[in-house]
**Q** 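Dumping the structure here so I can ask a few things about it.
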Amino acid sequence: MNRSLIFDSPFLLGFEHTRSLIERAAKAAAESYPPYNVEDRGAGGLRITLAVAGFSPDQLQVTVEDRQLVIAGKRDGAGSRSEDSYLHRGIAARGFIRSFVLADGMVVEGATLEHGLLHIDLARPEPENRVQSIPIRTPGQA
């Protein structure tokens, strides 16, 4: 069954945003650089670790926009060695953009660059219970 058929059901009203999130997650899953791990830290906490050897903190950017965590690395040409000086180049020197779709309520607690690994810590605080009472009107009421 096609994904678009599922969301076109008349029983799923207002799920257009969910469809968009699934499409963004599928696109992000197709990316392969840089390699990363996702670790469950318990109590609703997660840690994403990306292998970013050779990147300095000022070449990395971590942002959250519309429930999407985006990690970008940009290499500048200044100070880099000439391509002609390498006999073998196995360490990637390209920029990247890696994105993750976050669930409602997920927050980024911080990011740490250590030994060529970028650690991004996420948490899911316990949601507050809210009960909303809906008044029932009759046709004669305003």
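What you see is a predicted model, and the numbers here were worked out from it, not measured in a lab.
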**Q** Less than 4.5 Å apart, any side-chain heavy atom of Val107 and any of Val64?
**A**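 Counting from C-beta outward, Val107 and Val64 never come under 4.5 Å.
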**Q** Is the distance between the ring centroids of Phe55 and Phe96 under 6.0 Å?
**A** yes
**Q** Could you go step by step and tell me if Arg67 and Asp104 meet the side chain to side chain contact (heavy atoms under 4.5 Å, CB included) rule?
**A** CA-CA 7 Å; Arg67 292 179 17 197; Asp104 280 337; 2.7 Å; yes
**Q** Do the non-hydrogen side-chain atoms of Ile48 and Leu122 ever get within less than 4.5 Å of each other?
**A**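 Contact flag for Ile48/Leu122 side chains = yes.
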**Q** Side-chain contact, heavy-atom cut-off 4.5 Å: Ile97 with Ile71?
**A**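 No. Closest side-chain heavy atoms not under 4.5 Å.
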**Q** For the residue pair His119 and Thr49, confirm or rule out a side-chain donor-acceptor distance under 3.5 Å.
**A**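 There is such a pair between these side chains.
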**Q** Report the C-alpha separation of Val62 and Leu118 in whole Å, then their side-chain angles, then the decisive distance to 0.1 Å, and conclude whether the side chain to side chain contact (heavy atoms under 4.5 Å, CB included) test is met.
**A** CA-CA 10 Å; Val62 179; Leu118 177 63; 4.2 Å; yes
**Q** What heavy-atom pair brings Ser99 and Val70 nearest, and what distance separates the two atoms?
**A** CB-CG2, 4.2 Å
**Q** Following the transitive rule for hydrophobic clusters with a side-chain heavy-atom cut-off under 4.5 Å over Ile, Leu, Val, Met, Phe, Trp and Tyr, establish whether Leu117 and Phe100 coincide in one cluster.
**A**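 Shared cluster, no.
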**Q** List the steps, then state whether side chain to side chain contact (heavy atoms under 4.5 Å, CB included) holds for Val52 with Leu60.
**A** CA-CA 9 Å; Val52 294; Leu60 296 168; 4.1 Å; yes
**Q** Keeping Arg98 on the side-chain end and Pro34 on the backbone end, is there a donor-acceptor pair under 3.5 Å?
**A** yes
**Q** So is Arg94 actually on top of Tyr33's ring, under 6.0 Å and inside 45° of the axis?
**A** yes
**Q** Minimum heavy-atom separation for Glu109 to Ala123, with atom names?
**A**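 Scanning both residues completely, I find the closest heavy atoms to be OE2-CB, 3.3 Å.
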**Q** Can you list the steps and then say if Val108 with Ile120 is a side chain to side chain contact (heavy atoms under 4.5 Å, CB included)?
**A** CA-CA 7 Å; Val108 177; Ile120 301 168; 3.9 Å; yes
**Q** Treating Gln59 as the side-chain partner and Ser56 as the backbone partner, does any N or O pair qualify as donor plus acceptor under 3.5 Å?
**A** yes
**Q** Would you call Arg47 and Asp40 a salt bridge, using N to O less than 4.0 angstrom?
**A**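 No salt bridge links Arg47 with Asp40.
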**Q** For Pro125 and Gly105, which heavy atoms make the closest approach, and how far apart are they?
**A**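 In this case the closest contact between Pro125 and Gly105 is CD-O, 3.3 Å.
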**Q** What are the two closest non-hydrogen atoms of Ala103 and Arg124, and how far apart are they?
**A**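 Smallest interatomic distance, heavy atoms only, reads CB-NH2, 4.0 Å.
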